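Here the structure comes first, spelled out in structure tokens, and everything after it is commentary.
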Amino acid sequence: MNFEENLSALSDITKKLEENTLSLEESVELYQKGLRLSAECAKQLENAKLKIEEHSEKEEKI
């Protein structure tokens, strides 16, 4: 999934958890999924940051 899809899924999970209508087991499962999505989003952002920095460095050399 791309960043926007991951972020949307994370937002959906947050809403479900905030509703407080899930069982404990469901909440834990969603929380764990949210952690994985959050880590993936952070990784995708870091990769984007590195690409921007690389591009900026190339532009500075020109």
Side-chain angles (χ1 to χ4, degrees):
M1 291 185 352
N2 65 33
F3 178 79
E4 290 78 11
E5 292 168 333
N6 284 335
L7 195 57
S8 178
L10 191 54
S11 178
D12 291 342
I13 288 172
T14 302
K15 288 176 188 173
K16 288 178 184 177
L17 289 171
E18 287 175 344
E19 289 173 358
N20 203 24
T21 58
L22 303 171
S23 70
L24 178 60
E25 290 174 355
E26 291 170 320
S27 295
V28 170
E29 285 179 27
L30 278 180
Y31 180 78
Q32 290 173 331
K33 184 176 181 180
L35 287 177
R36 288 190 300 273
L37 286 169
S38 178
E40 183 61 28
C41 284
K43 179 181 172 184
Q44 290 169 327
L45 284 173
E46 183 62 28
N47 287 338
K49 177 183 171 187
L50 290 173
K51 286 180 183 179
I52 290 169
E53 289 174 353
E54 287 173 8
H55 181 73
S56 294
E57 288 174 8
K58 287 179 184 177
E59 288 295 316
E60 288 176 3
K61 291 180 181 179
I62 294 178

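Predicted model, so just to flag it, every value in this text is computed and none were measured.
- Between the OG atom in Ser11 and the NZ atom in Lys16 there is a gap of 11.0 Å [rounded to 0.5 Å].
- Of the possible polar contacts, none joining the Gln32 side chain to the Glu29 backbone as a donor-acceptor pair under 3.5 Å is found.
- Listed by chain and number, the hydrophobic cluster partners of Phe3 are Leu7, Leu45, where partners are ILVMFWY side chains within reach of under 4.5 Å, directly or through others.
- Heavy atoms from other residues, nucleotides or ligands lying under 6.0 Å from CG of Asn20 number 12 at most.
- For the pair His55 and Lys51, the minimum side-chain heavy-atom distance is 4.5 Å or more.
- Contact annotation: the side chain of Lys33 approaches that of Arg36 to within less than 4.5 Å [non-hydrogen atoms, C-beta and beyond].
- At most 12 non-hydrogen atoms from other residues, nucleotides or ligands lie less than 6.0 angstrom from CD of Glu25.
- Members clustered with Met1: Leu10, Ile13, Leu17, Leu22, Leu30, Leu37, by chain and number, using a 4.5 Å side-chain heavy-atom cutoff among hydrophobic residues.
- Grouping Ile, Leu, Val, Met, Phe, Trp and Tyr residues whose side-chain heavy atoms lie under 4.5 Å apart, directly or via other members, places Val28 in a hydrophobic cluster with Leu24.
- Expressed to the nearest 0.5 Å, how far CD of Gln44 lies from CD of Glu4 amounts to 8.5 Å.
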